[in-house]
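These notes are about the structure you will find just below.
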Amino acid sequence: MVPLSAPPSSYTAAVERYLTGAGIAKSSARIYRISLTTWGWMFAGEPAPTGPARRGAKPPVFLVAAIDDPALPEVLAELAAARADEMDADTVNRELSIARKAIGWWQRQGWIDGDPTIGIERRPAPPDRTKALAESQIAALWRLDVALREKTFWKMLYESAARANEVLCLNVEDLYPQDKRGKITAKGRATEWIHWQSGTAQLLPRLIARRTRGPLFLTESKAPTGTPTLDVCPETGRARLSYRRAEEIFEENTRLLANPLASPEDIEDLDGFTLHRLRHSALTHDAEDGTSTPMLLARSRHASVRSLERYARPGVDAVTRHAAGRDTPAPFIADHARARCAPFHDRVGWGARRRRAWFGLTRGGRA
């Protein structure tokens with residue numbers, strides 16, 4: 001096949017060409033870049049680093065044409081299987097889907113011929129019926145001792161029911177604080193509004209700190225050399241907070257909330273919540289409070305009513321209230337249970353009293 005354009009100088013350059021040429025929305029490009037960087041290690045025959053080891057790790061440099069190496073599929077299958085054992089099925093399946101989209105685009109450009117992922121299967125993901133956090137968990141989340149950036153980010157996610165990558169792409173100039181709303185780039189590059197409430201409105205002025213432009217949520221340190229200009233604050237020189245880092249912070253800080261019976265000494269072995277659960281919780285709580293379907297569609301910015309079904313399932317608080325509301329006392333069962341727990345001589349007396357009451361008898365004879 002004759003290439004439609006000159007092949008890029010490296011795999012990393014091929015990733016950037018794909019993100020631009022395929023029209024990947026700005027709000028999604030960050031996730032795509034992280035996933036394709038992960039695959040970059042595996043395409044080079046190396047396991048992808050995870051956790052703290054990922055931060056600062058330099059991905060290998062190689063030509064995108066190396067993906068056509070006949071020996072790669074077997075090596076890749078082993079590396080992908082090992083990664084699947086460490087990561088949840090949703091993450092593994094998302095990364096595989098992104099890799100295949102990129103490979104298909106590179107094939108159409110004539111840069112590569114084959115697809116080394118063709119023998120890798122998606123992992124079955126059992127449905128999680130507990131994605132919506134309980135109201136007590138949301139309240140406990142607001143009490144956590146975290147930085148202002150995290151407080152504001154989490155509040156905005158819950159109050160707006162927006163996707164995390166959309167909120168992270170917000171710039172200061174996209175905000176309309178007086179109206180408690182902001183302009184985001186959604187799926188399909190559509191420009192849409194998100195709306196927040198008083199909790200976010202109270203925190204935003206402190207977070208912005210008189211900045212007038214640039215990324216809303218920033219890293220703590222200066223942006224490294226080579227960071228795209230759009231992701232650097234022109235007033236502070238700090239970089240836009242990445243989705244990966246934001247997810248790490250949220251997961252680490254919610255481990256004990258997600259595992260209330262665990263000991264703090266075991267925190268390193270626990271898993272916390274994901275950022276998406278804030279969006280899921282907000283929409284589920286809206287549905288429980290009787291929010292209309294048109295309003296839920298507007299809040300979620302889904303195009304189909306069918307997409308709302310996942311949020312229509314009542315959460316744990318709603319089911320608890322429903323069960324409590326239909327609970328009726330059962331005196332006889334309660335008396336019987338107390339009798340079973342009483343000493344033997346008390347039980348004998350209890351049985352005699354029950355028999356006398358049943359037959360209408362008293363100590364002195366017939367009533």
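For the single chain, residues carry numbers from 1 onward in sequence order.
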(message) If hydrophobic clusters are built from ILVMFWY residues whose side chains come within less than 4.5 Å, do I103 and I118 share one?
(response) no

(request) Using modelled atom types only, decide if a donor and an acceptor are shared between the side chain of D88 and the backbone of D90 within a distance under 3.5 Å. (result) yes

(message) Taking the side chain as everything from C-beta on, heavy atoms only, tell me whether L207 gets closer than 4.5 Å to F217.
(response) yes

(message) Donor-acceptor check, side chain of S97 to backbone of R94, threshold 3.5 angstrom: yes or no?
(response) no

(message) Same cluster or not: V172 versus L170, using hydrophobic residues (I, L, V, M, F, W, Y) connected whenever any side-chain heavy atoms lie under 4.5 Å apart?
(response) yes

(request) Report the C-alpha separation of T254 and R277 in whole Å, then their side-chain angles, then the decisive distance to 0.1 Å, and conclude whether the side chain to side chain contact (heavy atoms under 4.5 Å, CB included) test is met. (result) CA-CA 12 Å; T254 56; R277 294 183 71 168; over 6 Å; no

(message) Measuring only between side-chain heavy atoms, which start at C-beta, is Y158 closer than 4.5 Å to W142?
(response) yes

(message) Under the side chain to side chain donor-acceptor pair (under 3.5 Å) definition, can you give me all pairs with a residue in residues 203-215, not counting sequence neighbours?
(response) T212-E235

(message) Working to the nearest 0.5 angstrom, can you tell me the gap between Q202 CD and W196 CH2?
(response) 14.0 Å

(request) Report the C-alpha distance between M87 and V92 in whole Å, list the side-chain angles of each, state the deciding distance to 0.1 Å, and finish with yes or no for side chain to side chain contact (heavy atoms under 4.5 Å, CB included). (result) CA-CA 7 Å; M87 311 298 291; V92 170; 3.8 Å; yes

(message) Whether the side chain of Q107 engages the backbone of D113 through a donor-acceptor N/O pair (distance < 3.5 Å, no angle test) should be reported.
(response) yes

(message) Taking the ring centre of each residue, are F62 and F43 less than 6.0 Å apart?
(response) no

(message) Do K101 and L36 have side chains that approach each other closer than 4.5 Å (heavy atoms only, starting at C-beta)?
(response) no

(request) State, yes or no, whether a side-chain contact exists between D271 and E251 at a heavy-atom distance under 4.5 Å. (result) yes

(message) Can you pull out every salt bridge (charged side-chain N to carboxylate O under 4.0 Å, His left out) where at least one residue sits in residues 291-302? Sequence neighbours excluded, please.
(response) E166-R301, E192-R301, D286-R299

(message) Hydrophobic clustering (ILVMFWY, side-chain heavy atoms < 4.5 Å, transitive) - are I208 and L148 grouped together?
(response) yes

(request) Considering non-hydrogen atoms only, spot the tightest contact between F273 and F250 and give its length. (result) O-CD2, 3.5 Å

(message) Looking at D69 and A71, would you say the former's side chain and the latter's main chain have a donor-acceptor pair under 3.5 Å?
(response) yes

(request) Using the side chain to side chain donor-acceptor pair (under 3.5 Å) rule, pick out the option among H195, K155, K151, E159 that qualifies with T200. (result) E159

(request) Drop me the distance from S136's OG to L141's CG, to the nearest 0.5 angstrom. (result) 11.5 Å

(message) Do S242 and R30 make a side-chain contact, defined as non-hydrogen atoms from C-beta onward lying under 4.5 Å apart?
(response) yes

(message) Side-chain heavy atoms nearer than 4.5 Å, only ILVMFWY residues, links allowed to pass through others: does that put V146 and I249 together?
(response) yes

(request) Could you check if a side-chain atom of S198 sits within less than 4.5 angstrom of a side-chain atom of K180, using non-hydrogen atoms only? (result) yes

(request) Would you indicate whether the side-chain heavy atoms of T117 and M42 approach each other to under 4.5 Å? (result) no

(message) Tell me whether E121 at atom CD has more than 12 heavy atoms from other residues, nucleotides or ligands lying less than 6.0 Å away.
(response) no

(message) Run the side chain to side chain contact (heavy atoms under 4.5 Å, CB included) test on N253 and W154 for me, step by step, so that the C-alpha distance in whole Å, both residues' side-chain angles and the decisive distance to 0.1 Å come before the verdict.
(response) CA-CA 12 Å; N253 280 279; W154 301 349; 3.9 Å; yes

(message) Taking the side chain as everything from C-beta on, heavy atoms only, tell me whether W105 gets closer than 4.5 Å to R108.
(response) yes

(message) Quick check on E74: does its CD atom have over 12 non-hydrogen neighbours (other residues, nucleotides or ligands) under 6.0 Å away?
(response) no

(message) Strictly distance-based, threshold 3.5 Å: is any side-chain N or O of R279 a donor or acceptor partner for the main-chain N or O of S300?
(response) yes

(request) Kindly compute the distance separating CZ (R163) from CG (L278), expressed to the nearest 0.5 Å. (result) 14.5 Å

(request) For A164 and Y243, work out which heavy atoms get closest and say how close. (result) CB-CE1, 3.5 Å

(message) Given 3.5 Å as the limit, does a donor-acceptor pair link the side chain of W106 with the main chain of V64, or not?
(response) no

(request) Compare every heavy atom of S304 with every heavy atom of L297, then report the nearest pair and how far apart it is. (result) CD2-O, 3.6 Å

(request) Report the distance from atom CG of L216 to atom CG of D174, rounding to the nearest 0.5 Å. (result) 9.0 Å

(message) Which heavy atom of T37 sits nearest to which heavy atom of W41, and what is that distance?
(response) O-CE3, 3.2 Å

(request) Using modelled atom types only, decide if a donor and an acceptor are shared between the side chain of D231 and the backbone of A239 within a distance under 3.5 Å. (result) no

(message) Suppose we call two aromatic rings close when their centres sit under 6.0 Å apart. Are Y11 and W39 close by that rule?
(response) no

(request) Measure the NE2-OG distance between H276 and S281 for me, rounded to the nearest 0.5 Å. (result) 9.0 Å

(request) State plainly whether one hydrophobic cluster holds both L175 and W193, where clusters connect Ile, Leu, Val, Met, Phe, Trp and Tyr through side-chain heavy atoms under 4.5 angstrom apart. (result) no

(message) Tell me the closest heavy-atom pair linking V75 and G45, and the distance in Å.
(response) CG1-CA, 4.1 Å

(request) To the nearest 0.5 Å, tell me how far I34 CD1 sits from I98 CD1. (result) 9.0 Å

(message) I'd like to know if the side chain of Q109 reaches the main chain of P7, judged simply by a donor and an acceptor atom lying under 3.5 Å from each other, with no hydrogens or angles considered.
(response) no

(message) Using only atom types and a distance under 3.5 Å, with no angle test, would you say the side chain of K222 pairs donor to acceptor with the backbone of T236?
(response) yes

(message) Counting only heavy atoms from other residues, nucleotides and ligands, does the tally under 6.0 Å from CD of Q178 exceed 12?
(response) yes

(request) List the steps, then state whether salt bridge (charged side-chain N to carboxylate O under 4.0 Å, His left out) holds for R245 with E248. (result) CA-CA 5 Å; R245 182 59 184 145; E248 282 181 357; 3.1 Å; yes

(request) For side chain to side chain contact (heavy atoms under 4.5 Å, CB included), just list the numbers for L144 and E150, CA-CA rounded to whole Å, side-chain angles, deciding distance to a tenth of an Å, and then say yes or no. (result) CA-CA 10 Å; L144 290 179; E150 275 62 59; over 6 Å; no

(request) Of all the heavy-atom pairs spanning T219 and R240, show the shortest one and how long it is. (result) CG2-O, 3.8 Å

(request) Would you confirm whether R33, through its side chain, and V15, through its main-chain N or O, come within 3.5 Å as a donor-acceptor pair? (result) no

